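Structure record follows, encoded as structure tokens.
Given the structure is predicted, the values throughout are model-derived calculations rather than measurements.
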Amino acid sequence: MSTTWHVLGAGSLGTLWATRLARAGLPVKLILRDAARLQAYRAAGGLTLVEQGEAQLYAVPGETVDSIGPIQLLLVACKAYDAEAAVAQLAPRLAPDAELILLQNGLGSQDAVAARVPQARCIFASSTEGAFRDDDWRVVFAGHGFTWLGDASHPTPPIWLDDLSAAGIPHEWSTDILTRLWRKLALNCAINPLTVLHDCRNGGLQHHHCEVATLCAELSELLQRCGQPAAAQNLQEEVERVIQATAANYSSMYQDVANQRRTEISYLLGHACTVASRHQLVLPHLNQLQQRLITHLHTHGLPSD
Ligand SMILES: NC(=O)C1=CN([C@@H]2O[C@H](COP(=O)(O)OP(=O)(O)OC[C@H]3O[C@@H](n4cnc5c(N)ncnc54)[C@H](OP(=O)(O)O)[C@@H]3O)[C@@H](O)[C@H]2O)C=CC1
Ligand SMILES: CC(C)(CO)C(=O)C(=O)O
């Protein structure tokens, strides 16, 4: 009998994982923030996943954070800024040897969660899959990708990776998950804020080559200083490749700002600047970018944390 997958957060990635796990016949429970959300969810009859234009409803059972029953395996699918508080609410329900999978982008939230639940094993994930909500409880699978999972303090892969294979979730166990997360963070820092400030698609940054190159040089310096030389290798080359390959797309931060949603700035550019100052590393362009972005967010009535 498989361990039940508790999925915290019925947003884009939470739904993408919960529906595929349920479709494979695995036990899944969705954890919603409160009774009102649970009532709304039950009225909808389940989660809908839209793939290649085809919508399919999955009646994944739901419960609230304060339901009763132990949790052995928890997929944390909240935004980075919600993860710590959401997991803290669930801490009393976690089994002594519970395992958490943290799907958050950027860095900083994972350590905050791990500190809240020191008895649990926290597995970090970095995903290139893409999904968005086009309605409540309804998610469009927009971009196939890959998910790397790893535990910086324990190299043994967990047995439930077999569940991911059964569910058709492309994944790999990574022994250098922090390097992957730092590399993605650096890519996001070099691209996303500039797309917001220049009000352009990723491809628009081809006209801001020098600005991108300067940021990549500072980001590489930071990665070297914080013990991530592999994440610094050919960074500018990869940033330029991603800009070209995703030229027609709007970055996730651009979309957040355009839709008046809070961004994950603190866990991306904010985290980079915090770590740089912790290392007494002076990165003027990165700091200036952060200040420009904060001002922009405030001008648009959005929080900067
Ligand atoms: N979407 C994507 O394509 C990708 C996302 N990521 C990363 O994955 C993470 C999740 O992103 P995404 O799925 O897009 O986010 P969404 O905003 O779509 O979903 C987050 C969900 O978390 C729920 N939530 C927040 N706090 C709580 C709580 N206390 N209790 C229960 N539920 C809670 C929200 O509930 P409610 O609906 O009630 O507000 C919401 O449903 C982010 O860090 C993102 O950067 C990474 C790669 C791709
Ligand atoms: C496409 C890319 C790589 C741009 O940084 C991205 O991950 C995002 O938009 O968040």
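- Under the side chain to side chain contact (heavy atoms under 4.5 Å, CB included) criterion, Thr3 pairs with Gln72, Leu73, not counting sequence neighbours.
- Identified under the ring-ring contact (aromatic ring centres under 6.0 Å, His included) test for residues 142-167, with sequence neighbours left out: Trp5-Trp160, Phe141-His144, Phe146-Trp148.
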Return all side-chain donor-acceptor pairs below 3.5 angstrom for residues 221-229, not counting sequence neighbours, or 'none' if the list is empty.
unit_1: Arg225; atom_1: NH1; unit_2: His279; atom_2: O; d: 2.9
unit_1: Gln228; atom_1: OE1; unit_2: Thr179; atom_2: OG1; d: 2.8

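- By the neighbour-count criterion of 12 heavy atoms within 6.0 Å, atom CD of Glu237 is sparsely surrounded, having that number or fewer from other residues, nucleotides or ligands.
- Residues forming a side-chain hydrogen bond (donor to acceptor under 3.5 Å, both in side chains) with Tyr254 (at least two apart in sequence, or on another chain): Asp199.
- Checking Asp135, Asp136, Asp134 one by one against Arg138, the side chain to side chain donor-acceptor pair (under 3.5 Å) holds for a single residue, Asp134.
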Open item on the list: Pair Gln236, Glu240 - check side-chain hydrogen bond (donor to acceptor under 3.5 Å, both in side chains), show working.
Closed with: CA-CA 6 Å; Gln236 188 187 336; Glu240 282 168 2; 2.9 Å; yes

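- Taking a cutoff of 4.0 Å between a charged side-chain nitrogen and a carboxylate oxygen, Asp151 and Arg121 qualify as a salt bridge.
- Between Ser266 and Asp305, the shortest heavy-atom contact is OG-C, 3.0 Å.
- Between the side chain of Arg201 and the backbone N or O of Tyr250 there is no donor-acceptor pair closer than 3.5 Å.
- Partner of Leu187 under the side chain to side chain contact (heavy atoms under 4.5 Å, CB included) criterion, out of Val239, Ile243, Leu268: Val239 alone.
- Counting only heavy atoms from C-beta outward, the side chains of Ser174 and Phe124 never approach each other to under 4.5 Å.
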All N/O donor-acceptor pairs, side-chain side in residues 51-66, below 3.5 Å, sequence neighbours left out:
unit_1: Glu51; atom_1: OE1; unit_2: Arg23; atom_2: NH1; d: 2.8
unit_1: Tyr58; atom_1: OH; unit_2: Arg23; atom_2: NH1; d: 3.0
unit_1: Glu63; atom_1: OE2; unit_2: Arg93; atom_2: NH1; d: 3.2
unit_1: Glu63; atom_1: OE2; unit_2: Arg93; atom_2: NH2; d: 2.6
unit_1: Thr64; atom_1: OG1; unit_2: Asp66; atom_2: OD1; d: 3.2
unit_1: Thr64; atom_1: OG1; unit_2: Ser67; atom_2: OG; d: 3.4

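- Applying the 6.0 Å contact sphere to CD of Gln39 captures no more than 12 heavy atoms from other residues, nucleotides or ligands.
- Ion pairing between Arg262 and Asp82 fails under the 4.0 Å rule for side-chain N and carboxylate O.
- Counting Ile, Leu, Val, Met, Phe, Trp and Tyr side chains that sit under 4.5 Å apart, directly or through other members, Val282 stands alone, with no cluster partners.
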